[in-house]
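For reference, the structure discussed in these notes is given below.
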Amino acid sequence: MFAEFYDILMHTPLGDKHGKIMICVKDWKISGSLDLLGHCEPFCGTIDSDGNCTFSGTLITLMHTIHYTASGVITSQLLNLSLNDGKHVFKVTGFVCPTVEEHSV
């Protein structure tokens with residue numbers, strides 16, 4: 001099992017939104033929490049040995065609660081995801097945080 005924290009950017013038409021994601025991997029399952037837009041929400045899904053993953057969760061905005069599915073690649077250094085809510089697809093990119101003590105989700 002391993003857990004990593006990443007600093008992320010979600011690229012939106014209204015500009016980049018900064019956040020954090022905590023990812024835990026065990027037995028080809030991925031779980032964690034996405035801290036974005038002022039809310040921290042859990043997610044879960046699957047990941048393979050190359051870092052290809054799919055997971056789903058909820059994103060809370062000022063006006064809506066959005067159910068999403070994310071897919072992409074997560075490595076020990078970076079992540080590159082597409083977050084799909086059924087109407088829009090947002091790119092999410094990020095890099096592993098230097099130390100867990102400096103960042104909390």
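All of these numbers come straight from a predicted model, not from anything done at the bench.
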Distance, nearest 0.5 Å, that separates CD1 of I47 from CG of D27: 12.5 Å
Shortest non-hydrogen separation from T54 to S71 and the atoms involved: OG1-CB, 4.0 Å
Chi angles and distances behind the side chain to side chain contact (heavy atoms under 4.5 Å, CB included) call for D7, F95: CA-CA 6 Å; D7 287 318; F95 294 92; 5.8 Å; no
Spatial distance of atom CZ (F90) from atom OG1 (T12) [nearest 0.5 Å]: 6.5 Å
Distance in Å, I66 CD1 paired with L59 CG, rounded so as to fall on 0.5 Å steps: 5.0 Å
pair L79-V73: side-chain heavy atoms closer than 4.5 Å: no
Separation between CH2 of W28 and SG of C53, rounded to the nearest 0.5 Å: 13.0 Å
Residues T93 and H11: side-chain donor-acceptor under 3.5 angstrom: yes
Any I8 side-chain heavy atom under 4.5 Å of K20 side chain: no
ring-ring contact (aromatic ring centres under 6.0 Å, His included): pairs with one or both residues in residues 29-57, sequence neighbours excluded: F43-F55
Passing option when V92 is tested against I21, L81, L34, L9 for side chain to side chain contact (heavy atoms under 4.5 Å, CB included): L81
Minimum heavy-atom distance between Y6 and C97, given as atom pair plus value: C-SG, 3.7 Å
Side-chain donor/acceptor of D50 to backbone N/O of N52, under 3.5 Å: no
Any side-chain donor near an acceptor of the partner, T46 and K29, under 3.5 Å: no
I74 and I23, any side-chain heavy atoms less than 4.5 Å apart: yes
K17 versus L14, closest heavy-atom pair with distance: NZ-O, 3.9 Å
Least distance between heavy atoms, E41 atom then T58 atom: CB-O, 3.2 Å
Distance in Å, K91 NZ paired with S82 OG, rounded so as to fall on 0.5 Å steps: 3.0 Å
Distance (rounded to the nearest 0.5 Å) between I60 CD1 and C40 SG: 10.0 Å
